[in-house]
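Atoms within each ligand, like the ligands themselves, are counted from 1 in listed order.
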Amino acid sequence: MRAAAPPPFAVISGAQVQRALQGSEKQVVERAGAAYRLHGAGDSVNPPSYFLRFPERPTARIIALPASIGGDVRVDGLKWISSFPENVATGIPRASAVLILNDHDTGYPFACLEGSIISATRTAASAASAADRLSRDRGRPARIGFFGVGLNARYIHTFLAATGWSFDEIGVHDTSPGSAAGFCDYLGRSGATGQVTVHDDPESLIRGSDLVVFATVAGQPHVSDLSWFEHAPLVLHVSLRDLAPEIVLASTNIVDDVDHCLKANTSLHLAEQQTGHRDFVHGTLDDVIGGRVKLPADRPLVFSPFGLGVLDLAVGKFVYDEVLRSGALNVVDDFFHELRRYG
Ligand SMILES: NC(=O)c1ccc[n+]([C@@H]2O[C@H](COP(=O)([O-])OP(=O)(O)OC[C@H]3O[C@@H](n4cnc5c(N)ncnc54)[C@H](O)[C@@H]3O)[C@@H](O)[C@H]2O)c1
């Protein structure tokens, strides 16, 4: 029997990732939805993320997200993503990442992709997919408010716009005036229509928005006044730790994965610690897609996506296939070298 060769090992740069994803927003949103359905059907392995933290650098962390997804994606892998918030002051992005794809049959890693664009893309695709599903009964919001406007807010706006959303009003709130100005500049360049307003206070942003996107780097809740939500907005709680437990408890809560979301001191985790139960979690996005959960229109509807590794794999495999198809795959020759068992 001839020995099988291991797959070639490829390195895919951020520039290649961006080219492969450009203009593919609708396809990527569909893939995110399909990944949720595979996960919901049990055709995935997605253990808890591992948070590497450092006693002497308390704001920094590196998270490992191992996962495996079946269906027609059929790949295993790992996202390894750093968050160093102090980077921003020195002019480089907070988050950096690689995504490793492993061959389903041999276990061999066959690609290392720049991961931060894939991560922001899958987060935005998940947000756009959730916004679409969760607004079907209550009607599409025409006033959106972005609470925290860094990289992920920009990607979320891009994905909403590319999948058919337009807004009469776009509200912006950020503790950093420079970030708010940069986001407004991006909105202008993106061709977004609608009135753009920078809100200095969070209350006016929330009261003036029917769709609120939280994408801050807050480590603990800083929004606790329930009256700001009396108009029952749809909330994409992407940064997971902004809302006080009392707001969580007064809302309909939809998650991507229950066990994942009730960990790591997210707002939902704090609500569970406060009440001793999880009854305030109404279901997953897959439950909504499958029609297994009702979404009352008279209370806030909060989507909290922990961010599943299976989504990174689904988007990463899409990128890999696109780069392979274009003939631009950069393979590292002889990457796997010691291949004969006895030399
Ligand atoms: N759930 C997921 O799947 C997922 C995926 C990726 C990122 N995230 C989270 O999204 C968040 C945003 O990521 P990013 O890459 O856009 O970060 P970023 O650093 O680029 O931007 C964050 C912005 O939030 C602002 N901000 C911080 N605290 C604030 C506050 N209390 N009020 C208002 N503005 C505030 C900052 O000034 C900054 O402009 C992070 O918390 C990240 O962990 C979640």
Side-chain angles (χ1 to χ4, degrees), residues 32 35-36 39 46 49 51 53 59-63 65 67 79 81-97 99 115-130 145-159 171-186 198-206 212-224 235-244 254-257 260-261 263-269 285 302-312 314-315:
Y36 279 136
H39 182 64
N46 204 127
S49 304
F51 285 64
R53 295 187 191 276
T59 60
R61 63 174 193 228
I62 310 182
I63 311 178
L65 291 86
K79 178 169 75 170
I81 182 162
S82 314
S83 172
F84 280 55
E86 271 83 47
N87 284 356
V88 175
T90 69
I92 60 172
R94 174 188 64 82
S96 57
L99 175 68
S116 72
I117 297 171
I118 290 171
S119 187
T121 296
R122 67 81 148 132
T123 304
S126 136
S129 168
F146 287 95
F147 200 127
V149 285
L151 180 81
N152 277 282
R154 168 160 69 87
Y155 268 74
I156 291 168
H157 176 269
T158 301
F159 267 74
V172 175
H173 172 72
D174 198 292
T175 43
S176 151
S179 295
F183 189 73
C184 292
D185 184 46
Y186 149 76
V198 176
H199 296 260
D200 291 333
D201 68 302
E203 176 176 358
S204 68
L205 177 93
I206 292 174
V212 184
V213 180
F214 281 95
T216 73
V217 288
Q220 51 206 23
H222 53 98
V223 174
S224 57
V235 178
L236 303 178
H237 193 198
V238 175
S239 38
L240 295 165
R241 295 176 184 85
D242 304 271
L243 299 176
I254 301 299
V255 298
D256 54 357
D257 181 290
H260 283 249
C261 277
K263 276 199 170 73
N265 288 333
T266 63
S267 298
L268 274 73
H269 190 201
L285 190 58
V302 179
F303 177 59
S304 298
F306 196 78
L308 298 177
V310 291
L311 289 184
D312 294 289
V315 176

Response to the item:
For atom 15 (O) of ligand 1, the closest protein heavy atom turns out to be R94 NH2, 2.7 Å
Discussion item. According to side chain to side chain donor-acceptor pair (under 3.5 Å), who are the partners of S126, at least two apart in sequence or on a separate chain?
Written reply: Y36
Under 3.5 Å, which donor-acceptor pairs do the side chains of residues 304-312 form with other protein atoms, sequence neighbours left out?
from, atom 1, to, atom 2, distance (Å)
D312, OD1, K79, NZ, 3.1
D312, OD1, R122, NE, 3.3
D312, OD2, K79, NZ, 3.2
D312, OD2, R122, NE, 3.1
D312, OD2, R122, NH2, 3.1

Worksheet entry | N or O pair under 3.5 Å between A218 and ligand 1 | no
Worksheet entry | ligand 1 N/O within reach of S239 N/O, cut-off under 3.5 Å | no
Discussion item. Is there a polar contact between ligand 1 and H173, counting only N or O atoms under 3.5 Å apart?
Written reply: no
Item to complete: Look only at interatomic distance and state if S119 has a nitrogen or oxygen under 3.5 Å from any nitrogen or oxygen of ligand 1.
Response: no
Discussion item. Nearest non-hydrogen contact with atom 23 (C) of ligand 1 belongs to which option: V217, D174, L65, D312?
Written reply: D174
Discussion item. So for ligand 1, is P305 a polar contact partner (N or O within less than 3.5 Å, distance only)?
Written reply: yes
Worksheet entry | F306, portion touching ligand 1 at heavy-atom distance under 4.0 Å | backbone
Worksheet entry | 4.0 Å heavy-atom contact, H237 with ligand 1 | no
Discussion item. I'd like to check which ligand 1 atoms, numbered from 1 as shown, lie under 4.0 Å from a non-hydrogen atom of G148.
Written reply: 24 (O), 34 (N)
Worksheet item: Under 3.5 Å between some N or O of ligand 1 and some N or O of V88?
Response: no
